Amino acid sequence: MIVDMAKSSSQTSYICVVAISLFLGNLFLGAQARTVHYYDFVLREINVTRNCTVTTILVVNDSLPGPTIRVQKGDLVYVKVHNQGLYGVTLHWHGVKQPRNPWSDGPEYITQCVIPPGTNFTYEVNLTEEEGTVWWHAHNEWTRFTVHGAIVVLPREGSSLPFATPDGEHLIVLGSWYNEGTSLNKALEMEMSIGSPNVPRATGYLINGQYGDFVPCSNETTPHFFVDYGKTYLLRIVSAVVGTEMFFTIADHNLTVVGMDGAYTKPIVVSYLMIEPGQTLDVLVTANQSPGRYYMAAQRFATEDMDFTKFAHMVATAIIQYKGNYSLTSPPSFPIDTLPFYHDYSAAASFVQRLRSLATEEYPVDVPHNVTTRMFITASLNDLPCPDDSCYFGDSKIGTSLNNISWVDPSVDVLQAYYRNISGVYTADFPDFPPEMFNFTGDDLSTSLAEAAEGTSVKVLNYNETVEVVFQGTNLLEGSEYHPMHMHGYSFYVVGLGLGNFNNETDPQMYNLVDPPKVNTFGVPKRGWVAIRFRANNPGVWYWHCHIDRHMSWGMNTVFIVKNGDTEETSMRPPPSYMPPCIASKEDKLFGERDHNLKSDI
Ligand SMILES: [Cu+2]
């Protein structure tokens, strides 16, 4: 990890306490040791230099990426968040199921309101089924661009990895850079408030917080990963990128994917990866080439129909360096043959189609075969009505939607409204089907089809329902692109995937119900569809959304409320004694004075 200022580890105090807990259902195995970890996350603004420019950013424990949480499967973590920044924040534990406990899940206006500046809040991060790599990030506006880090989940004591133990490991966090720094959310809100499509765009992409040496003033800070010849390393790759998919490759070295989103996969050997925002990939690489230096490179997989000149196309780089005495060839070898081009859709598709769950006796697949709730959901770019001249650009504004409903954040979080029966916050009427069936992926679609309504509409599920959702991407407003759909509170199985319009007679016959990948984030392909299944066995209020933040801010999101079952063990837990209060409006929070934000009559 590259640390910009003070060493972070000294501020990441943690004490491990071995607790003995009896897992229900595991009684015959006896008591299992469960380690409890305590972390302190101090959020504050610091100045850093990127591309020769000093920028102020908000970080955790003075580092970008932030601290890594390192635990074993089944451990419990308490993270005390000290907000010493200027604005309210929340944190989310991406890929952690958090059974029965949405109170610690984190998305703003969904399960909580922001932690005001000058205060603290403790999250309980309850690891249960996850194993491999997941991660954490801020979940208010686009704060996550600099507030994120990895969660490494090792096997339980006495268990081993389902592949040969690697000789070492390296963490690789892909990120985005915005020149706005801590002003990014203000810039976003200004554009959103006038209905402008010109929300901020990333100026580039980072590996472990750095552009790498293709960008000026970056020679000294380019990340180096040192390896011994003949040894095999586990790379834990996290995509904390905010607004795009990425291709990733290493010159002259094969990559073997063994895990994804906190679950193991069948090993697949590839020369490049495509990773979507929110996903993690665990990859083995063997240092079996001539000792030397090799570039690792990441660049955008751009799925918008956008002018080549209008997006950041610089390549983020880092260097794999063999240890030992040898003569250096300069510069390092670059993966010119294996890094796919920005618009290489077939490269992306051929990678994605190979992903499979491990599906062994020890790591079984539990995909539902009988579906009780079936949903077909369109994901679209839309025109939203803009009454009373409230938009600068005329009588409509840009938006995104699911089934033609564009999400609007309430002022009180949905979880609180649900738990306390507060009416008028949300409506429980999210539709199972779009209002109209048409040639979703066609060209020149009528603009009238692109009209969507704004609302805070959620879907209610009974406990233990088996759910299938088919997400259908549309080409409305010629706006089809990848949509990496992320569910909170659940991982899901990707049972089908295709281009064009979903056919509900022929496509289900091709479903993979044997070893489908188990993930928490998966892309609806451009002009295509994806089918997922899961069992609604985690009661609570769970956000699901496109993980491209531009689409999320425009409304491509909604909520599953999963009702309680019949027993305490199948019901949501009660709230903790303190939750941050919902006192500041969005505008006040960003544009009000610090003291105004702190004005608290709680
Ligand atoms: Cu999207």
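Each ligand, and each atom within it, is numbered from 1 in the order the structure gives. Note that the structure is a prediction, hence the values are computed from the model and not measured.
For D105 and T111, the side-chain atoms include no donor-acceptor pair closer than 3.5 Å. If you check the side chains of H94 and T521, you find a donor sitting under 3.5 Å from an acceptor.
Around the Cu ion (ligand 1), the protein N, O or S atoms found under 2.8 Å comprise H483 ND1, C546 SG, H551 ND1.
Counting only distance, with no hydrogens or angles, the side chain of E478 and the backbone of D444 share a donor-acceptor pair below 3.5 Å.
With ring centers used as reference points, F301 lies under 6.0 Å from Y482.
Checked against H139 for a ring-ring contact (aromatic ring centres under 6.0 Å, His included), the options H547, H148, H545 give a single hit: H545.
Taking all atoms of both residues into account, the shortest heavy-atom contact from S380 to T474 is OG-OG1, 2.9 Å.
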